[in-house]
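Here's the structure we're looking at; comments come further down.
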Amino acid sequence: MLEPWRTGKVIGIENITSTTRRFFIQIPEIEVFDFIPGQFVTLDLPIHEKKNKRWRSYSIASAPDGTNVFELVIVLLEGGAGTTYLFNEIQVGSEIILRGPQGVFTLSSPIEKDQFFICTGTGIAPFRAMVHHIHRQNIPHKNLYLIFGCRKFADALYFDELTALSKELPNFHYLP
């Protein structure tokens, strides 16, 4: 069953590279935005008349924390209608129509085998959510390997955070 369309409010925006931003979105109509790490939301952006040309889906980059706030990490795609709109028109206080959580790209519990998370760029979002959730919930796990690629070190999203987490979370190996 699909989640209903809801109105989210952008409560924070942070530039993390020259072409990548973190968007913090709150859903005021609910107390808790309940999702499973690895899921995504679909945004309905006013960029076209046809619905299927307005919808853009993004993995949730934050772990569930019992609030109605979540994070998206989005890279500006040159010539992309959706990301151009998000980067040029959306600011703190803007409202966004969204649906979610959706998707089944999630981990089973307990985690009985080593896990290899391999990604580049903003593909780190679902894995960041998963690793933080495992840490916060103290979920038993085997080795977790997060292998992250980027062209320039300056584009290593969440580098300091994940390096610190690799020292706190047993068997978590961050390999940028």
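Residue numbers run from 1 in the order of the sequence given.
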Yes or no on side chain to side chain contact (heavy atoms under 4.5 Å, CB included) for Phe117 and Ile147, after CA distance, side-chain angles and deciding distance?
CA-CA 6 Å; Phe117 306 135; Ile147 302 165; over 6 Å; no

May I ask you to test the Ser94-Phe23 pair for a side-chain heavy-atom distance under 4.5 Å?
no

Taking the side chain as every heavy atom from C-beta outward, state whether Phe33 and Ile60 have any pair of such atoms under 4.5 Å apart.
yes

Taking the six-membered ring for Trp, are Tyr58 and Phe40 closer than 6.0 Å centroid to centroid?
no

Rounded to the nearest 0.5 Å, what separation is found between the CE atom of Met130 and the CG atom of Leu144?
10.5 Å

dist Arg56:CZ -> Leu86:CG (nearest 0.5 Å) comes out at 9.0 Å

Distance check, rounded to the nearest 0.5 Å: Leu43 atom CG versus Ile25 atom CD1?
6.0 Å

Note: Tyr145 and Leu175 closest approach over all heavy atoms is CD2-CD1, 4.1 Å

For Trp5 and Asp44 the tightest heavy-atom approach is CZ3-CB, 3.7 Å

Applying the 4.5 Å side-chain criterion to the ILVMFWY set and letting contacts propagate, would Phe148 and Ile134 be lumped into a single cluster?
yes

Is it the case that the side chains of Gln102 and Thr42 hold a donor-acceptor pair, with the cut-off being a distance below 3.5 Å and no angle test?
yes

Compare every heavy atom of Ala129 with every heavy atom of Ala63, then report the nearest pair and how far apart it is.
CB-O, 3.5 Å

Can you run down the side chain to side chain donor-acceptor pair (under 3.5 Å) pairs that involve residues 159-176, sequence neighbours left out, and say none if there aren't any?
Arg128-Glu161, His132-Glu161, His135-Glu168, Asn143-His173

Reported CZ-to-SG distance for the pair Phe159 and Cys150, which is rounded to 0.5 angstrom:
9.5 Å

Residue pairs passing the salt bridge (charged side-chain N to carboxylate O under 4.0 Å, His left out) test with at least one member in residues 22-35, sequence neighbours excluded, are Arg6-Glu29, Glu14-Arg22, Arg22-Glu71

Hydrophobic cluster membership, Phe35 vs Ile30, 4.5 Å side-chain cutoff:
yes

I want to check something: taking the side chain as every heavy atom from C-beta on, are Thr7 and Ile96 in contact at a cut-off of under 4.5 Å?
no

Derivation and outcome, side chain to side chain contact (heavy atoms under 4.5 Å, CB included), residues Ile74 and Thr122:
CA-CA 6 Å; Ile74 299 173; Thr122 57; 5.8 Å; no

So Val73 and Thr20, do their side chains get closer than 4.5 Å, heavy atoms only?
yes

Set out, in order, the CA-CA distance, both residues' side-chain angles and the distance that settles side chain to side chain contact (heavy atoms under 4.5 Å, CB included) for Leu162 and Ile124, then state yes or no.
CA-CA 11 Å; Leu162 293 171; Ile124 199 167; 3.5 Å; yes

Do Ile111 and Val131 belong together in a cluster built from hydrophobic side chains that touch within less than 4.5 Å?
yes

Look up atom CZ in Arg136 and atom CG in Asp65, then write down how far apart they are to the nearest 0.5 Å.
6.0 Å

Find out if a path of hydrophobic residues (ILVMFWY) with successive side-chain heavy-atom gaps under 4.5 Å connects Ile16 to Ile90.
no

Would you check if the side chain of His141 reaches a backbone N or O of Ile139 as a donor-acceptor pair within less than 3.5 Å?
yes

OH of Tyr158 to CG of Leu165: how many Å apart, nearest 0.5 Å?
13.0 Å

Same cluster (ILVMFWY, side-chain, under 4.5 Å), Ile27 and Ile97
no

Is any side-chain heavy atom of Cys119 closer than 4.5 Å to one of Leu146?
yes

What heavy-atom pair brings Leu98 and Phe70 nearest, and what distance separates the two atoms?
CD2-CZ, 4.0 Å

Can you name the closest pair of heavy atoms from Phe24 and Ile13 and give their distance?
CD1-N, 4.4 Å

Could you tell me if the ring centre of Phe127 sits under 6.0 Å from that of Phe105?
yes

If you take all heavy atoms of Thr17 and Leu157, which pair is closest and at what distance?
CG2-CD2, 3.7 Å

Judged by atom type as modelled, is there a donor-acceptor pair below 3.5 Å linking the side chain of Thr106 to the main-chain atoms of Ile36?
no

Side-chain donor/acceptor of Arg54 to backbone N/O of Glu49, under 3.5 Å
yes

